[in-house]
Amino acid sequence: TRGEKTVEIVTPASCKEESVIWDGTDAVTVARKKGRDAVPECKQFNLDNAFGPECNQEEVYANSTAKSLVLSATKGYNATIFAYGNTGSGKSYTMMGNHLAPGVIPRAVRDIFE
């Protein structure tokens, strides 16, 4: 493609019909049931990076493409960091964090002005 990077932060599924299967690699499988007794349909996604629930904010920012995108933007390149997922899956926490563990946005602002 045009140089896009995909990063997944694996969190527990929020509904009973869907489950995320992750073996610690950069491949994530989503199993989704369409009906109570249906056989789950599995779909595998290959990503550039995948982070498990045990990863901290620093690991996600430094080891994903976020930091490199921010530094590229300071050199004039276009960059977008986009959070997508189910309600309650951790998008706001990943992007904003808290005062003890700042997320992507505070770390990006820090890197831009350093």
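For reference, positions follow the sequence shown, starting with 1.
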key: Val70 vs Ile81 side-chain heavy atoms within contact, under 4.5 Å   = yes
note = Taken to the nearest 0.5 Å, the spacing of Lys75 NZ from Ser72 OG works out to 6.5 Å
ask   = Taking the side chain from Glu114 and the backbone from Asp111, do they hold a donor-acceptor pair closer than 3.5 Å?
value = no
task = Give a yes or no on this: more than 12 heavy atoms of other residues, nucleotides or ligands lie within 6.0 Å of atom CG of Asn78.
result = no
ask   = Would you say Tyr77 and Leu69 make side-chain contact, with heavy atoms under 4.5 Å?
value = no
ask   = Can you hop from Met95 to Tyr61 via hydrophobic side chains spaced under 4.5 Å?
value = yes
ask   = Considering only heavy atoms from C-beta outward, does the side chain of Arg107 approach that of Val104 to under 4.5 Å?
value = no
request  = Tell me whether Met96 is reachable from Ile112 by hopping between hydrophobic residues (I, L, V, M, F, W, Y) whose side-chain heavy atoms are closer than 4.5 Å.
outcome  = yes
message = Could you check whether any side-chain N or O of Glu58 sits under 3.5 Å from a backbone N or O of Gly103, counting only pairs where one atom can act as donor and the other as acceptor?
response = no
